[in-house]
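These notes are about the structure you will find just below.
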Amino acid sequence: METVEIFDSPGKGRGLRAIKEFWAGDVIFTEQSISAVVFDGLAERICHSCFRRQEKLQRCGQCKFAHYCDRTCQRAGWAEHKQECAAIKAYGKAPNESIRLVARITWRLDKEGSSKVSDMQLTTLDELEDHLNDMAEDELQEFKVDIHNFLDYWPRTSKQHTIDSISHIFGVINCNGFTVSDQRGLQAVGVGIFPNLCLVNHDCWPNCTVILNHGNQSAVNTLFHSRQRIELRSLGKIAEGEELTVAYVDYLNLSPERQRLLKAQYFFDCTCDHCKNRTKDDIKMGGKEVDGVKPTEEQVKEATDFCYQMLEKMDQARLKGDYHIVVKICREAIEKTEPVLADTHIYLIRLCSALSEVQAYLQSFDDAAEYSRRMVEGYIKIYSPNNAALGMAAMRAGVNLWQAGQIEIAHGMICKAYSILMVTHGPTHPITKDLEEMRVQTEMELRMFKENEYVYYSMREAALQNKPMTMLHEPKIFPLYL
């Protein structure tokens, strides 16, 4: 590989560093997975070949488990599914996603006859850490159950492997599996293994980001398909010899929470500058300053505790689908705590995020626009300028603002989102293409608005009446902790 090399990163073990200079938006490398599988809960809604979400999928006539967009996708996925299909049929059911992924990886390595499946692969699965010795006893017990079920599932006609080798692959997946998203990048739909990506170490303030490029499966002839692959993209200038890093956990979490998550999932203690110095933790839990006067620590703590309690209630209401109750809870919490808490307080941001999403779903666009705008204002003060989460939040706010008829602010927000996602996702990603269309549309509407506001609103109202707004997807259920 002409862009990166393996080196010993101080205190981290092996890592990757640049062997040339990169700038924001550059693709440092791309990589196809050794294998990937759809999550159990989405097996009937996501194509098992291209990982796209479709309204109607065709089911495999043999195993009755795998689903595909059409015959083209089914043919494209047959090489990987062939042995899996027979195994599921013989086993009587499909095992869980971890077992399916281990099996697919093992079949792939057996077929290649080597632990490397590509000349571009910098490391093998054998060389990756499995951290089995670091796992708690209850986790090991779950692993043993999966291994037992794997051995029952694995065909006697396939090459047999030792329990140690199978256990190692399970361990590698546990701490190195990469989440695969749908074609729009909006929902996690599966998991895969990308060996080179496994070498990229964590930093809470990284210089790279990873996105999934789904490739192109539109051609009828599968020879012209391009497989899904990850892209490691630069977030800013990276000097020759500089280590490449990505964030394993969301920076919106407080430093102790990020360290806890990293220790639990990836088995290391993060010692980056942002964790050591607890950078921005003060504003993430800070009070609101008005005319140079700040609330007392006791007032901030009381408001924080109240927000936490209301967030718990809100999550319960969302699980039940009681969205009007969600609105009531969020409003009450925001109205009571916004005089005390800073606009960067992560609980207040969480409330604004939830309220904006639910109000958009309920088509209360003025509210959705207001609270999504406030969410973005908080994100800007916390995240790095080219953070993908900031870009996605700005896109959401831009759409809400447009729906509310605030065309000037909407256009500015969509332009901001577009500039970020051009770096994090690139110009060919479906979301970036959508944003480009929105940017052109809002720019045209903004010119019309500046020429004659009355004509603009009249035409907008007529257009909306001729084409009624469609209901948005139901709001997602978020975990309590950011």
Side-chain angles (χ1 to χ4, degrees), residues 7-18 24 28 128-129 131 133-136 139 174-179 197-210 232-239 241-287 297 300-301 304 307-308 311 341-350 353 375 378-393 420 423-424 478-482:
F7 80 115
D8 288 326
S9 178
K12 297 181 180 180
R14 294 192 304 165
L16 290 184
R17 64 184 174 194
I28 298 170
L128 294 174
E129 292 284 350
H131 291 288
N133 294 330
D134 299 318
M135 289 184 182
E139 290 180 292
N174 182 59
C175 54
N176 288 288
F178 178 76
T179 300
L197 180 61
C198 296
L199 294 171
V200 181
N201 286 318
H202 163 83
D203 195 285
C204 291
W205 199 262
N207 55 16
C208 298
T209 190
V210 185
L232 185 72
R233 306 181 67 91
S234 172
L235 293 176
K237 183 180 177 181
I238 297 176
E242 185 177 343
E243 180 173 11
L244 306 174
T245 58
V246 295
Y248 293 1
V249 295
D250 192 348
Y251 184 70
L252 206 61
N253 290 301
L254 296 172
S255 300
E257 178 64 7
R258 292 200 307 272
Q259 290 176 312
R260 185 191 68 79
L261 292 169
L262 291 165
K263 186 69 171 179
Q265 179 65 37
Y266 302 101
F267 306 99
F268 70 87
D269 297 305
C270 185
T271 57
C272 75
D273 290 340
H274 281 254
C275 280
K276 285 192 295 186
N277 301 326
R278 299 203 168 189
T279 308
K280 299 197 178 186
D281 281 8
D282 55 341
I283 66 170
K284 292 178 189 177
M285 281 285 164
E297 289 186 11
V300 172
K301 184 181 183 305
T304 299
C307 272
Y308 183 87
L311 283 168
L341 301 181
D343 59 357
T344 52
H345 194 290
I346 55 176
Y347 289 175
L348 198 57
I349 290 175
R350 168 80 197 288
S353 175
M375 172 185 66
Y379 276 7
I380 288 172
K381 296 175 184 177
I382 293 174
Y383 282 123
S384 62
N386 284 331
N387 185 281
L390 172 59
M392 296 296 288
I420 295 172
V423 172
T424 60
F478 292 106
L480 178 60
Y481 298 102
L482 289 166

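When reading the values below, keep in mind they use all heavy atoms of this one structure, side chains included, and skip hydrogens, waters and symmetry mates. Position 1 is the first residue of the sequence; numbering continues from there.
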If you round to the nearest 0.5 Å, how far is CZ of Arg278 from CG of Asp273? 14.5 Å
Distance-only, no hydrogens or angles: does the Lys284 side chain make a donor-acceptor pair with backbone N or O of Tyr347 under 3.5 Å? no
Less than 4.5 Å apart, any side-chain heavy atom of Leu311 and any of Arg350? yes
Evaluate Ser255 against His274 for side chain to side chain donor-acceptor pair (under 3.5 Å), listing each step before the verdict. CA-CA 7 Å; Ser255 300; His274 281 254; over 6 Å; no
Tell me, do Cys270 and Arg258 make a side-chain contact under 4.5 Å, heavy atoms counted? no
Would you say that Thr245 contacts Glu243 through its side chain, given a criterion of any heavy-atom pair below 4.5 Å between the two side chains? yes
Would you check, one step at a time, whether the test side chain to side chain contact (heavy atoms under 4.5 Å, CB included) holds for Ile238 with Cys208? CA-CA 9 Å; Ile238 297 176; Cys208 298; 3.8 Å; yes
Between Leu254 and Met285, is a side chain to side chain contact (heavy atoms under 4.5 Å, CB included) present by the stated rule, with each step listed? CA-CA 9 Å; Leu254 296 172; Met285 281 285 164; 3.9 Å; yes
Taking the side chain as every heavy atom from C-beta outward, state whether Leu348 and Asp343 have any pair of such atoms under 4.5 Å apart. no
Short side-chain to backbone donor-acceptor contact, Arg14 and Ser9, under 3.5 Å: no
Report the distance from atom SG of Cys272 to atom CH2 of Trp205, rounding to the nearest 0.5 Å. 11.0 Å
Can Leu252 and Tyr379 be said to form a side chain to side chain contact (heavy atoms under 4.5 Å, CB included), step by step? CA-CA 8 Å; Leu252 206 61; Tyr379 276 7; 3.9 Å; yes
Between Gln265 and Asn174 (side chain of the first, backbone of the second, donor and acceptor by atom type, cut-off under 3.5 Å), is there such a pair? yes
Between CG of Asp203 and NZ of Lys12, what distance do you get to the nearest 0.5 Å? 5.0 Å
Can you confirm whether more than 12 heavy atoms, excluding those of Asn277, are under 6.0 Å from its CG atom? yes
Does His131 use its side chain to pair, donor to acceptor, with the backbone of Phe267 at less than 3.5 Å? no
I need the Leu244 CG to Ile28 CD1 distance, nearest 0.5 Å. 5.0 Å
Taking atom types as modelled, find out whether Asp269 and Gln259 have a side-chain donor-acceptor pair closer than 3.5 angstrom. no
Tell me if a side-chain donor or acceptor on Asn387 pairs with a main-chain N or O of Tyr383 at a distance below 3.5 Å. no
Would a distance-only check, ignoring hydrogens and angles, find a side-chain to backbone donor-acceptor pair under 3.5 Å from Lys280 to Tyr251? no
Can any side-chain N or O of Thr304 pair as donor or acceptor with the backbone N or O of Val300 at less than 3.5 Å? yes
Side chain to side chain contact (heavy atoms under 4.5 Å, CB included), that's the test. Do Leu262 and Val249 meet it? Break it down for me. CA-CA 7 Å; Leu262 291 165; Val249 295; 3.9 Å; yes
Side chains of Ile382 and Ile349: does their closest heavy-atom pair fall under 4.5 Å? yes
Atom pair OG (Ser234) and CG (Asn207), whose distance is rounded to the nearest 0.5 Å: 6.5 Å
Can you see which heavy atom on Cys175 is nearest to which on Glu129, and at what distance? SG-O, 3.6 Å
For the student: nearest non-hydrogen atoms of Gly378 and Thr344, plus distance: O-CG2, 4.1 Å
Measure the CD1-CG distance between Ile380 and Leu390 for me, rounded to the nearest 0.5 Å. 6.0 Å
